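What follows is a set of notes on a single structure, which appears directly below.
Bear in mind the structure is a predicted one, so any value in this text is a computation, not a measurement.
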2 protein chains.
Amino acid sequence: MNRVGTQKKILDAAEKLLAHNGYHATTLRAITAEAGVNVAAVNYHFGSKEALLDNVIERRIVPLNSARMEMLESVRADALTRGRRPSVRDLMHAFVAPTISFRDSGKGARNFIALVGRTLGEPPSAVQHSFFRFMEPFIKLMLGSLKEALPELSDDLLLLRFHLSVGMLVYTIRMADESDILGQTRALSDIGNKTIGKSKGGSGVGSKAPAKRPVDTANTTEKLVDEVVNFMTAGMEA
Amino acid sequence: MNRVGTQKKILDAAEKLLAHNGYHATTLRAITAEAGVNVAAVNYHFGSKEALLDNVIERRIVPLNSARMEMLESVRADALTRGRRPSVRDLMHAFVAPTISFRDSGKGARNFIALVGRTLGEPPSAVQHSFFRFMEPFIKLMLGSLKEALPELSDDLLLLRFHLSVGMLVYTIRMADESDILGQTRALSDIGNKTIGKSKGGSGVGSKAPAKRPVDTANTTEKLVDEVVNFMTAGMEA
DNA sequence: GTCTATACAGAGATAGAC
DNA sequence: GTCTATCTCTGTATAGAC
C-alpha cells in the first residue's frame with residue numbers, strides 16, 4: 001500500500017466518525033477499523049490522535065478559506081471599480097455564502113462542517129489555534145474592510161459585533177448536525193404557537209404537523225444565506 | 001461524612017475542573033482527588049461521570065432559569081399594564097441580561113457558564129437534552145412573546161432568527177473562557193488596523209499595545225448586555 | 001519505508017469487603 | 001456509606017515482519 005492511499009483512507013474514516021461522535025468519543029480503533037488499517041497506522045502516519053484531527057481539518061479548510069478570500073477580494077475589487085467602498089452587506093455575504101455553500105456542497109464537506117462546529121467548542125484547544133491560524137489572512141482583511149465600511153464604530157465595538165457574527169455563523173453551520181439543538185426548539189415552538197397552524201396550510205386535508213422538518217433545509221441554501229446575512233448586516237449597522 | 005456534604009464537595013470540585021478542562025479531559029480521579037474523596041464515590045453518589053455532569057449543570061441552571069423567567073414575566077406584565085405589547089428589545093434584554101449578569105456574579109457562576117459554553121458543543125449530547133428540558137418553559141414563553149412583537153414574521157424566520165440570537169449569546173458567554181477565541185482575533189485586529197493606534201492613545205510615551213485586554217471585560221457587564229441586545233434587536237427586526 | 005502485532009499506563013466502571 | 005481490587009477499553013510506543 002502506498003503512503004498517500006493509506007493516509008487518505010484514514011483521513012476519510014476519521015472525518016466521518018469525528019463529525020458524528022466528536023473528538024473524544026471517537027476512538028482510534030474505530031477509525032482504523034473503518035479505514036481497514038492497523039491501529040498503529042495513525043501514530044505512524046500522523047504522530048497522534050490530535051495531529052490526525054489537525055490534518056482532517058487542514059485538508060478541507062484550505063480550499064474553503066481560498067473560496068472565502070476570493071469572494072472577499074472580488075467584493076473589494078468590484079467596489080473599487082465603482083469608486084466606492086464595499087457595503088457591510090456584501091462583506092458579510094462574502095463571509096457567510098462560501099461557508100454555507102461549502103457545507104451544502106457534498107457529504108464529505110457536510111461531515112467536515114459538522115466536525116468543525118463540534119471541535120471548535122471542544123478541547124483540545126490546539127485545534128482552535130491552528131484553525132484560526134488558517135483564517136488569519138481572511139479575518140484581517142475582513143476586519144479592515146468592515147472598519148472602512150463602518151468608520152463611526154469604535155474598534156472594540158466593531159470587534160465585538162464581528163465576533164457575535166462569527167458566533168451566529170458557527171451556530172448556523174451546526175444546524176447541519178443531526179443531533180442538533182434546533183429540532184428541540186422547533187418542537188417547542190410548534191407547541192407554543194399552536195394557534196397559527198390554521199392560517200398557514202389552507203383548507204381541507206393534509207394539514208398534519210410537519211414535525212420532522214429541520215429549520216435550515218426548509219429553505220434553499222441561498223435563502224438561508226440571505227437570512228443570515230440580513231441578520232448580521234442589521235446587527236453590524238445597528 | 002454525611003451524604004449531602006460529600007455530594008457538594010464533589011459537585012464543587014467537578015464544576016471547577018470541568019469548566020477549565022472540558023468534560024472528557026477531566027478525569028474522575030482528578031475530581032475525587034480535588035474533593036478529597038475516593039474514586040468510587042462519584043459512581044456511588046451520581047451513578048456515572050455523565051450523570052455527575054448533569055447534576056453539576058442542574059444545580060446552577062435552575063436558579064438561572066428562574067431569573068430569566070422572572071424578568072421575562074416582569075417585562076410582559078409591565079407592558080400589559082401600559083396596554084401594550086413588550087418590545088423586541090425588552091424581550092431580548094430579558095434573555096441576555098440574566099445570563100450575562102449571572103456569569104459575572106461570582107467565581108462559581110463564571111466557572112459554570114464556561115462549563116455550559118463548553119459542554120453544549122461537546123458530546124455527550126444527553127447533556128444538551130437535559131439542558132433544553134430546563135429551558136423549555138422559558139423558550140416557549142419567549143417565542144410566543146416574540147411572535148406577538150413581530151407578527152409579520154413567518155414562523156420559520158422567527159425561529160431561525162431566535163436561534164441565531166441563541167448562537168450569539170452562547171458565543172458571548174464563552175468569551176469568559178480563558179482559552180477563548182477572542183484573544184486571537186484581537187491580536188489580529190491590532191495588527192490589521194495598525195494605523196488607528198495613533199489617533200487613540202494620544203502623544204508621548206506609554207502608547208504600548210494593550211495586548212492582553214479581553215474583549216468583553218473591557219466594558220462593564222451592563223455595556224456588554226446593551227451591545228448584545230442592540231445587535232439582537234436589530235437582527236430580529238431586520 | 002510501510003505496516004502489523006503487541007505491550008503498557010491510565011481511564012471509567014463495578015463488585016464486594018468493611 | 002466508604003473504600004479496595006479488578007475489569008475492560010483507551011491512546012501511545014516499540015519491535016520486528018515484509
Side-chain angles (χ1 to χ4, degrees), chain A residues 1-59 115 118-119 122-130, chain B residues 1-58 115 118-119 122-128 130:
Chain A
M1 182 71 61
N2 63 72
R3 179 173 199 82
V4 290
T6 304
Q7 289 184 343
K8 184 180 183 322
K9 282 197 299 182
I10 294 175
L11 286 173
D12 290 341
E15 183 175 73
K16 177 181 167 188
L17 295 177
L18 289 170
H20 281 89
N21 307 321
Y23 178 76
H24 283 97
T26 306
T27 67
L28 285 184
R29 283 166 175 85
I31 294 173
T32 50
E34 171 92 16
V37 300
N38 186 271
V39 219
V42 166
N43 274 278
Y44 174 72
H45 283 287
F46 299 98
S48 72
K49 185 187 182 186
E50 187 171 338
L52 170 62
L53 173 60
D54 241 32
N55 277 269
V56 168
I57 291 180
E58 179 167 349
R59 182 174 65 154
L115 167 62
R118 279 200 177 208
T119 314
E122 193 182 3
S125 55
V127 176
Q128 299 171 10
H129 289 84
S130 65
Chain B
M1 181 70 61
N2 64 69
R3 181 174 199 84
V4 290
T6 304
Q7 289 184 344
K8 184 181 183 319
K9 282 198 299 184
I10 295 175
L11 286 173
D12 289 341
E15 183 174 74
K16 178 181 167 187
L17 295 178
L18 288 171
H20 281 91
N21 308 321
Y23 178 76
H24 283 96
T26 305
T27 67
L28 285 185
R29 285 166 174 84
I31 293 173
T32 50
E34 171 92 14
V37 300
N38 187 271
V39 218
V42 166
N43 276 279
Y44 173 72
H45 283 288
F46 299 99
S48 72
K49 187 187 182 185
E50 186 170 338
L52 170 62
L53 173 60
D54 241 32
N55 277 269
V56 168
I57 290 181
E58 179 168 348
L115 167 62
R118 271 189 188 219
T119 314
E122 193 182 4
S125 56
V127 175
Q128 299 173 9
S130 67

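- A straight line from NZ of Lys9(A) to C1' of dT2(C) spans 12 Å, rounded to a whole angstrom.
- The side chain of Ser48(A) places no N or O atom within less than 4.0 Å of a non-bridging phosphate oxygen (OP1 or OP2) of dG11(D).
- Taking 4.0 angstrom as the limit, His24(A) places none of its side-chain polar atoms (N or O) nearer than this to OP1 or OP2 of dT10(D).
- Distance Leu52(A) CG to dT10(D) P: 16 Å, rounded to the nearest Å.
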Full working for side-chain contact (heavy atoms from CB on, under 4.5 Å) between Phe46(A) and Asp54(A): CA-CA 9 Å; Phe46(A) 299 98; Asp54(A) 241 32; over 6 Å; no

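- Contact annotation: the side chain of Asn38(B) never approaches that of Thr32(B) to less than 4.5 Å [non-hydrogen atoms, C-beta and beyond].
- Contacts with DNA chain D (heavy atom under 4.0 Å) in residues 26-36 of chain B: none are found.
- Between His45(A) atom NE2 and dG1(C) atom P there is a gap of 14 Å when expressed in whole angstrom units.
- Under the side chain to side chain contact (heavy atoms under 4.5 Å, CB included) criterion, Ala35(B) pairs with Lys9(B), Ile10(B), Ala13(B), Val37(B), sequence neighbours left out.
- Asp12(B) meets the side chain to side chain donor-acceptor pair (under 3.5 Å) test with Lys8(B), Arg59(B); sequence neighbours excluded.
- Put simply, NZ on Lys49(B) is 16 Å from P on dG10(C), counting in whole angstrom units.
- For Ala30(A), the side chain to side chain contact (heavy atoms under 4.5 Å, CB included) criterion is met by Leu17(A), Thr27(A), not counting sequence neighbours.
- Contact between Thr26(A) and Lys49(A) at its shortest, heavy atoms only, is O-NZ, 2.8 Å.
- Here the side chain of Tyr44(A) is nearest to one of dG11(D), dT2(D), dC3(C), namely dC3(C).
- Between the side chain of Tyr23(A) and the main chain of Glu50(A), a donor-acceptor pair closer than 3.5 Å is present.
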5' to 3', nucleotides 13-18 of chain D under a 4.0 Å protein heavy-atom cut-off (B base, S sugar-phosphate only, - none) gives BB----

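- Within the structure, salt bridge (charged side-chain N to carboxylate O under 4.0 Å, His left out) contacts touching residues 19-35 of chain B (residues at least two apart or in different chains) are Lys16(B)-Glu34(B).
- To the nearest angstrom, P of dG11(D) lies 13 Å from CD of Glu50(A).
- Ala14(B) and Leu52(B) get closest at one heavy-atom pair: CB-CD2, 3.9 Å.
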